[in-house]
**Student:** 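Provided herewith is a single structure, encoded as structure tokens, for subsequent inquiry.
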Amino acid sequence: MTDQSQRTVAAPRPPAEHRVWPRSFTDRLTHPLPGVRDLVRVVRECAVRPPAHTLKEVPLLPVEPQPGTVPSAGPGTISVTWAGHASWVVRIGGLTVLTDPVWSRRIPGTPARITQVGVPWSALPPVDAVVISHNHYDHLDAPTVKRLPRDTALFVPAGLAVWFRRRGFTRVTELDWWEAAELGGVRFDFVPAHHWSRRTLTDACRSLWGGWVLSDAAGPRIYFAGDTGYGRFFREIGRAHPGIDLALLPIGAYAPRWMLRAVHTDPEEAVQAFLDVGAAAMAPMHWATFLLSSEPPLEPLRRVRAAWSAAGLSRGALWDLPVGGSRVLAH
């Protein structure tokens, strides 16, 4: 672990209320969006779902539903509980924070979830804050958001606050890359990702996308990557936020690579991203929940474990939790 003097970064720049953002964030793309020919090809190759014979792996996916309330976190500690996909219950600095909360059984455009939610909504402690990485349906789920009290503190990408305000939320902070805000002594930094956004047929890249670094001055620092391909931003994030103790990194929805390389890391790239950000531990996510692509259901876990071993990394630093699994990190 790194002492606090090595973990200092610039003070947060308070975002203004109701900022005027560009009409489009296409200039932030690090790869062109897929075109009609790409979509036709992926359908022609039947590459949108795993081969039927691999679905026998679904009952073998690691699932251990949380039996009661999620673990608390005392001073100088963080607890994380994986609810599935990119949804985590993070307890840090006295706050309970949800990342990309999706508690619905199904989302538009894809089959129902293949594993149950790891934490029943009724088992959650009061939610103090939510961070959203981008507006794709598997990361921004309207039925789940509707369950939240309207005074929940929400931290969202630039251009997305209006979506929440239209639904009655009163404490919405939207940030650009490299901006930060604070709540209850916990700092929320919005950092870049190699991805894109779209909610409808006509709003591609109208809002930004990214990940979040959560920091408690008295404890560990956690990086939630959201949804991202591999690229230069991981090293930049590591330099801007030294001493990340835990990186929550996506390892699934990566096949076929010709289609998804630009926006989803595969397991080997996720391990490299972990090395790039200089984190002390990694918890894989974005797999074992929805069938979004064509890799076999268990393949992400097999490959991330193999890549971890090949890199000579400590097995104890790979937190390959089951859906519903929890860990507590002490600084």
Side-chain angles (χ1 to χ4, degrees), residues 4 7-19 21 73 76-81 86-101 124-135 139-140 145 148-149 151-161 163-165 169-193 195 197 207-228 233-234 236-249 277 279 283 285 329 331:
Q4 188 63 31
R7 297 157 57 88
T8 302
V9 293
R13 177 153 50 107
E17 289 285 334
H18 301 280
R19 297 165 67 174
W21 299 106
T77 65
I78 287 178
S79 81
V80 294
T81 303
S87 302
W88 294 86
V89 185
V90 179
R91 307 195 78 176
I92 176 173
L95 302 181
T96 297
V97 182
L98 302 184
T99 70
D100 288 358
L124 290 175
V127 176
D128 299 294
V130 172
V131 298
I132 301 293
S133 65
H134 66 302
N135 71 353
H139 294 259
L140 176 54
V145 168
L148 295 165
D151 62 351
T152 304
L154 305 174
F155 297 89
V156 307
L160 196 52
W163 189 93
F164 290 93
R165 292 191 179 114
F169 288 92
T170 58
R171 300 172 63 198
V172 187
T173 301
E174 56 184 346
L175 299 176
D176 200 345
W177 290 347
W178 307 117
E179 291 184 337
E182 289 189 356
L183 177 69
V186 176
R187 174 172 163 141
F188 295 75
D189 282 87
F190 190 49
V191 294
H195 206 64
S197 69
S207 60
L208 199 49
W209 51 90
W212 294 91
V213 176
L214 277 57
S215 306
D216 174 9
R221 174 173 292 162
I222 186 170
Y223 165 48
F224 167 67
D227 208 353
T228 182
F233 289 139
F234 293 111
E236 294 178 13
I237 292 165
R239 287 194 294 267
H241 299 280
I244 292 171
D245 295 285
L246 176 63
L248 309 176
L249 291 166
V277 300
M285 64 174 183
L329 173 68
H331 180 61

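Counting from 1, the numbers follow the sequence of the chain as shown. Keep in mind that the numbers below use all heavy atoms, side chains included, and drop hydrogens, waters and symmetry copies.
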**Student:** Could you go through the side chain to side chain contact (heavy atoms under 4.5 Å, CB included) check for L98 and V89 one step at a time?
**Tutor:** CA-CA 5 Å; L98 302 184; V89 185; 3.8 Å; yes
**Student:** Taking the side chain as everything from C-beta on, heavy atoms only, tell me whether L154 gets closer than 4.5 Å to I132.
**Tutor:** no
**Student:** Donor-acceptor pair, R221 side chain versus P242 backbone, under 3.5 Å?
**Tutor:** yes
**Student:** Are the side chain of W209 and the backbone of A193 linked by a donor-acceptor contact shorter than 3.5 Å?
**Tutor:** yes
**Student:** Please name the pair of heavy atoms, one in P220 and one in G76, separated by the smallest distance, quoted to 0.1 Å.
**Tutor:** CD-O, 3.4 Å
**Student:** Given side chains that start at C-beta, do those of L208 and W177 come closer than 4.5 Å, heavy atoms only?
**Tutor:** yes
**Student:** Does the side chain of I237 come within less than 4.5 Å of I244's, by heavy atoms?
**Tutor:**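 Yes, at least one pair of side-chain atoms sits under 4.5 Å.
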**Student:** With T81, which residues qualify under side-chain hydrogen bond (donor to acceptor under 3.5 Å, both in side chains), at least two apart?
**Tutor:** S326
**Student:** What residues form a side chain to side chain contact (heavy atoms under 4.5 Å, CB included) with A129, not counting sequence neighbours?
**Tutor:**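 In terms of side chain to side chain contact (heavy atoms under 4.5 Å, CB included), with neighbours along the sequence ignored, A129 is linked to V97, A153, F155, L183, F188.
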**Student:** Please identify which of these residues, L175, L248, V191, meets the side chain to side chain contact (heavy atoms under 4.5 Å, CB included) condition with W212.
**Tutor:** L175
**Student:** Quick one: list whatever passes side-chain hydrogen bond (donor to acceptor under 3.5 Å, both in side chains) with T152, sequence neighbours left out.
**Tutor:**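 Residues passing side-chain hydrogen bond (donor to acceptor under 3.5 Å, both in side chains) with T152: none at all.
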**Student:** Does any part of the side chain of P192, heavy atoms only, come nearer than 4.5 Å to the side chain of W178, both counted from C-beta?
**Tutor:**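 Yes, at least one pair of side-chain atoms sits under 4.5 Å.
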**Student:** With distance as the sole test, does S215 use its side chain to make a donor-acceptor pair with the main-chain N or O of R187 at under 3.5 Å?
**Tutor:** no
**Student:** Looking at T99 and W88, would you say the former's side chain and the latter's main chain have a donor-acceptor pair under 3.5 Å?
**Tutor:** yes
**Student:** Would you give the length of the straight line joining atom CZ of R165 to atom CZ of R171, rounded to the nearest 0.5 angstrom?
**Tutor:** 13.0 Å
**Student:** Please identify each residue that fulfils side chain to side chain contact (heavy atoms under 4.5 Å, CB included) with A73, with sequence neighbours left out.
**Tutor:** T77, S79, R91
**Student:** Drop me the distance from H139's NE2 to H195's NE2, to the nearest 0.5 angstrom.
**Tutor:** 6.0 Å
**Student:** Quick check: do I78 and L246 have side-chain heavy atoms less than 4.5 Å from each other?
**Tutor:**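 Sidechains of L246 and I78: no contact.
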**Student:** With rounding to the nearest 0.5 angstrom, report the CD1 to CG distance, I222 to L329.
**Tutor:**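 One gets 8.0 Å once the value is rounded to the nearest 0.5 Å.
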**Student:** Between the side chains of S133 and D100, is a donor N or O closer than 3.5 angstrom to an acceptor N or O?
**Tutor:**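 Judged by distance alone, the side chains do pair up.
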**Student:** Are the side chains of L249 and Y223 in touch, meaning some heavy atoms are under 4.5 Å apart?
**Tutor:**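 Touching, per the 4.5 Å side-chain cut-off.
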**Student:** With sequence neighbours excluded, what pairs up with D128 under the side-chain hydrogen bond (donor to acceptor under 3.5 Å, both in side chains) test?
**Tutor:**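 Expected list: none.
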**Student:** With the side chain counted from C-beta on, respond yes when T96 and L124 share a heavy-atom pair under 4.5 Å apart, and no when they do not.
**Tutor:** no
**Student:** For S87, enumerate each residue passing the side-chain hydrogen bond (donor to acceptor under 3.5 Å, both in side chains) test, keeping only those at least two apart in sequence or located in another chain.
**Tutor:**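 By the side-chain hydrogen bond (donor to acceptor under 3.5 Å, both in side chains) rule, S87 matches no residue at all.
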**Student:** Mind checking what makes side chain to side chain contact (heavy atoms under 4.5 Å, CB included) contact with V145, not counting sequence neighbours?
**Tutor:** L140, W163, F164, F169
